[in-house]
K.L.:
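Following this message is one structure expressed as structure tokens.
Throughout, protein chains are lettered first and strands after them, A, B, ... in sequence-line order, and every chain is numbered starting at 1.
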There are 2 protein chains.
Amino acid sequence: MKPERPRKRSNLRDVAKAAGVSVATVSRVLNAPQTVTPKTREKVEAAIRELRFVPSAAARAINSGRTRFVGALVPTLDNAIFAKFLAALEQKLGQSNLSLVVATTGNDPKIEAEKAQGLMNIGAEGLVLSGIHHDPTLYELIERTQVPAIATSYYAPQYDLPTIGYDNVLTSETAMKYLVGLGHTDIAVVHGQSDTNDRTRARLAGVANVTNAKVRYYNNGLSLMDGRVAAREIIKADVRPTAILCLSDVIAMGVLFELQRHGISVPDDISLMGMDDLPGASNVYPALTTVHLPVSRMGEAAAVAIAGWVEDREVPEHRLFEPTLMERESTARRS
Amino acid sequence: MKPERPRKRSNLRDVAKAAGVSVATVSRVLNAPQTVTPKTREKVEAAIRELRFVPSAAARAINSGRTRFVGALVPTLDNAIFAKFLAALEQKLGQSNLSLVVATTGNDPKIEAEKAQGLMNIGAEGLVLSGIHHDPTLYELIERTQVPAIATSYYAPQYDLPTIGYDNVLTSETAMKYLVGLGHTDIAVVHGQSDTNDRTRARLAGVANVTNAKVRYYNNGLSLMDGRVAAREIIKADVRPTAILCLSDVIAMGVLFELQRHGISVPDDISLMGMDDLPGASNVYPALTTVHLPVSRMGEAAAVAIAGWVEDREVPEHRLFEPTLMERESTARRS
DNA sequence: GAGCTTGATGAAACTGGTTACATCTGTCAA
DNA sequence: TTGACAGATGTAACCAGTTTCATCAAGCTC
């Protein structure tokens, strides 16, 4: 019952012929209708409808040199932190009439480099990267194509690419100092893979900067389940730490749920602290003390930066976003 | 210190001239290197490096008629259900060498139609929609451009576009029947906006299909905070319901946290059930009884469907994914 | 009625690739 | 020695738009 597929997509010349005008006139109807007499315009518009003409994006792009989309490379969409970032990025890019192509890298620099190449192959006008740890191939790609590229989630003013993000060292330092300030001297730190993730590495460095506490490290990935596994490890210890710092809220929530499961009260029996301030953090019970990272504002800033670079060739400045301690219910003074 | 930006991007002819060969040869070096003598190939490759030549994606696209990306329109990235969907979609599309452009609509059909137009303007080869409730302009766009488009999260075999998704009516019916089976006859149902969201509407219809229980409805949006607000409402009632069914896990978790905050035990004091089976559901304490929707498999199926349509003009079949009851710890027989 | 301006339209060049077809060179068999 | 054939390369057309510049007609002034 479907209408037969027209043998071929019609183009400008087809329309011009059908309307009895030149291609230039059709082009004008499309881009500057007011310069065309209403009478001819209507003829042309009728032909366009008749032939179901849809201008080819590629042909436009070849003339303007613009494709109007940028690519973003993130480790995963599973973690709300990146989803929130992309939401803000996409939202703000829309204001500059730019679209967002998303590619996930699974934290693998090789895959990231491949996907970046793929984005360039389809015509991305700019790249938004996560972190500052990338494959040489990717740097070479950026160098070769001279594509505008910024690094996010990480502030590093001496870095080759403009960075827009946080001082991840300071972030965990803030958290550690807060816990130490509450009297905790025996702290479990739960984190994700540090080998491929520069933010985790920086956060671990921040932890190490605070020397007046004993720290035990637990490395178990970045998921809720990983947090739960870590919690089981932690409570098995002969002498339990008095506080747990998780370098991501997702982990912290996993830890919290597992502690609850074992009847361990937070913060009465043990203090728990997260990092990122995801929507869940303020809503769980007890509400999670954490370090707020303004990920949405960062996403917007990244959008503005890459848009300005792409549109007006304005190379953006590095941009630092301050973390804020969110003191809530999951931490208490050491009893 | 940066090297001066070359006044202009170099193109095929520039390279050809520099290497002392024809444009055809350069093109061959790019696309079929084995057909070119090693000696000439090297000359050309040297020129390419020298001039920092990068082939134009648009020019390629104009010849192949392919842009190699599809667009996905989702209500939001804030809810993990869509993030998971997109993750699977992007992942699987990659296997067909297709990229994914993401656009968020905020559940507004007008915005959705605009963004869809935007996606077409930049050359999307296919569209993946959420749900089956769309603006007439969007249908018109699909009709006019004849772009492959599928609807997801919703199975509706009589729908114009191929649908890949669930029977949302059955999903909530399953949940209701389970609760009734546990002896609950006074159930609170918490849901998001039904005016713009067809899935919510279908789920409400499923609830209404189960008639042997008294149902009280609470409408408060789809966030954790909305769940908490609903919980406060629910416990204010003179006679509390014995079970709460939330038409989304996010809401259910919000309800759970608020109940915990008020010292109300789940499931001893009240049974709680969610829907979707997000990663959080199985990890919270008590683990949430819910209806599992295979969102990742659906995302993969959507990718395969749209890829097959775009690449091989195979119009996909409607595809139904079965929900599974996940009986966990948050529900109990009515005491 | 000649001269000038203004507005609408068309012809053709141009964007940057791919590719059909022609040409040229060299090898080998008859 | 010639013809056949294969392999490498070049010429030019082609994709589907935009844009420059020329042309032409209408309207206005003097």
Side-chain angles (χ1 to χ4, degrees), chain A residues 6-48 51-68 120-125 145-147, chain B residues 6-48 51-68 120-125 145-147:
Chain A
R7 36 255 137 261
K8 212 182 146 306
R9 239 179 101 173
S10 50
N11 61 27
L12 253 202
R13 331 256 164 192
D14 298 336
V15 175
K17 196 178 300 173
V21 298
S22 73
V23 290
T25 301
V26 180
S27 182
R28 283 184 198 106
V29 170
L30 259 31
N31 301 305
Q34 71 286 0
T35 68
V36 178
T37 307
K39 217 183 65 190
T40 27
R41 192 193 316 166
E42 266 161 46
K43 272 196 308 189
V44 173
E45 279 166 352
I48 286 176
L51 296 176
R52 302 169 159 280
F53 167 70
V54 184
S56 141
R60 287 202 150 147
I62 208 181
N63 286 291
S64 63
R66 300 289 313 270
T67 53
R68 303 214 74 82
M120 294 311 295
N121 287 347
I122 63 172
E125 292 192 63
T145 59
Q146 295 283 307
V147 64
Chain B
R7 35 251 139 260
K8 215 182 140 309
R9 233 177 107 172
S10 49
N11 62 24
L12 253 203
R13 332 254 168 194
D14 298 336
V15 175
K17 196 178 300 173
V21 299
S22 73
V23 289
T25 302
V26 180
S27 182
R28 282 185 200 108
V29 170
L30 260 29
N31 301 306
Q34 71 286 0
T35 67
V36 178
T37 307
K39 218 182 66 190
T40 28
R41 193 193 315 165
E42 265 162 45
K43 271 196 310 190
V44 172
E45 278 166 353
I48 286 175
L51 297 176
R52 302 170 157 282
F53 167 70
V54 185
S56 143
R60 288 202 150 146
I62 208 181
N63 286 292
S64 63
R66 301 289 313 268
T67 54
R68 302 214 74 84
M120 294 310 296
N121 287 347
I122 64 172
E125 291 191 62
T145 59
Q146 296 281 306
V147 65

K.L.:
What bend angle does the helix from C/dG1-D/dC30 to C/dA30-D/dT1 show across its length, from five-pair end axes and to the nearest 10 degrees?
P.N.:
50°
K.L.:
Which of these passes side chain to side chain contact (heavy atoms under 4.5 Å, CB included) with B/V26: B/V36, B/N31, B/V15, B/T40?
P.N.:
B/V15
K.L.:
Have a look at A/V29 and say if it touches a base, only the backbone sugar-phosphate, or nothing, with a 4.0 Å heavy-atom cut-off.
P.N.:
nothing
K.L.:
Would you kindly give the CG-to-P distance between B/N31 and C/dA20, to the nearest whole Å?
P.N.:
13 Å
K.L.:
Can you tell me if A/S27 touches the phosphate of D/dT18, counting only side-chain N or O atoms and a distance under 4.0 Å to OP1 or OP2?
P.N.:
yes
K.L.:
Between A/R68 and A/E125, is the closest basic N to carboxylate O distance under 4.0 Å?
P.N.:
no
K.L.:
Rounded to whole angstroms, how far apart are CZ on B/R60 and P on C/dT15?
P.N.:
19 Å
K.L.:
From CG of B/L12 over to P of D/dC14, roughly how many Å is that when rounded to an integer?
P.N.:
19 Å
K.L.:
Side-chain N or O of B/S56 less than 4.0 angstrom from OP1 or OP2 on C/dG17?
P.N.:
no
K.L.:
Are any of B/N11's side-chain N or O atoms less than 4.0 Å away from OP1 or OP2 of C/dG16?
P.N.:
yes
K.L.:
Please check the phosphate of D/dA8 (OP1 and OP2 only) for any side-chain N or O of B/T40 closer than 4.0 Å.
P.N.:
no
K.L.:
Quickly, which of B/L51, B/I48, B/V54 forms a side chain to side chain contact (heavy atoms under 4.5 Å, CB included) with B/S10? Name it, please.
P.N.:
B/L51
K.L.:
Of B/A59 and B/T25, whose nearest nucleotide on DNA chain D comes first from the 5' end?
P.N.:
B/T25
K.L.:
Using the closest heavy atom to pick a nucleotide of DNA chain C for each, name whichever of B/S10 or A/R28 lands nearer the 5' end.
P.N.:
A/R28
K.L.:
Contact class for B/V23 (heavy atom, under 4.0 Å): base, sugar-phosphate, or nothing?
P.N.:
base
